[in-house]
Amino acid sequence: MRVGIIAFLQESNTFIAGKTTLADFERDLLCDGEEVRRHLAGSHHEVAGFFDVLDSEPDCEAVPVFAARAVPGGVIEAGHLGAGTGEAQ
């Protein structure tokens, strides 16, 4: 069984004056494919646990798809949510 791994972390705080933009994700974490594994496997992160468990199961394949993190920040600016995935609106 193949299990896709997608991580999207963003803590929106309305009391923070600025908005979260694509640049905030680029500064923190924005990657896809095997780059997700390189950044997060073996780290102190939930996704590392996904890789640990799935890689130990003989019939499972962890398939890293996408990871983005920008925390904390203001609400995400319109049009920036999908930009990192190539799905800009």
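Just so you know, these numbers use all the heavy atoms, side chains as well, and skip hydrogens, waters and symmetry mates. Please read these numbers as outputs of a predicted model, since none were measured by experiment.
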Partners passing salt bridge (charged side-chain N to carboxylate O under 4.0 Å, His left out) against Glu34 (at least two apart in sequence or in another chain):
Arg37

Please report, to 0.1 Å, the donor-acceptor pairs under 3.5 Å made by any side chain of residues 41-48, with sequence neighbours excluded.
from  : atom 1 : to    : atom 2 : distance (Å)
Ser43 : OG     : Leu40 : O      : 2.5
His45 : ND1    : Val47 : N      : 3.0

Leu29, Phe51: one ILVMFWY side-chain cluster at the under-4.5 Å cut-off?
yes

Can I get a per-line list of side-chain donor-acceptor pairs under 3.5 Å for residues 7-16, giving both atom names and the distance, sequence neighbours left out?
from  : atom 1 : to    : atom 2 : distance (Å)
Gln10 : OE1    : Ser12 : N      : 3.4
Gln10 : OE1    : Ser12 : OG     : 2.4
Gln10 : NE2    : Thr20 : OG1    : 2.9
Gln10 : NE2    : Gly74 : O      : 3.1
Glu11 : OE2    : Asn13 : ND2    : 3.4

Checking Leu30 against Phe66 for the side-chain contact (heavy atoms from CB on, under 4.5 Å) test, could you report, in this order, the C-alpha distance in whole Å, the side-chain angles of both residues, the deciding distance, and whether it holds?
CA-CA 8 Å; Leu30 184 63; Phe66 176 78; 3.8 Å; yes

Are Leu54 and Met1 connected into the same hydrophobic cluster when the rule is that any two of I, L, V, M, F, W, Y join if their side-chain heavy atoms are below 4.5 Å apart?
yes

Let me check something: do Phe50 and Val53 share a hydrophobic cluster, defined by ILVMFWY side-chain heavy atoms less than 4.5 Å apart, either directly or through other members?
no

List the atom of Ala62, the atom of Ile5, and the distance in Å for their closest heavy-atom pair.
CB-CG1, 4.4 Å

Show the nearest heavy-atom pair for residues Ile6 and Val65, with the distance to one decimal.
CG1-CB, 3.7 Å

Could you grab the distance from atom CG of Asp24 to atom CZ of Arg69, nearest 0.5 Å is fine?
13.0 Å

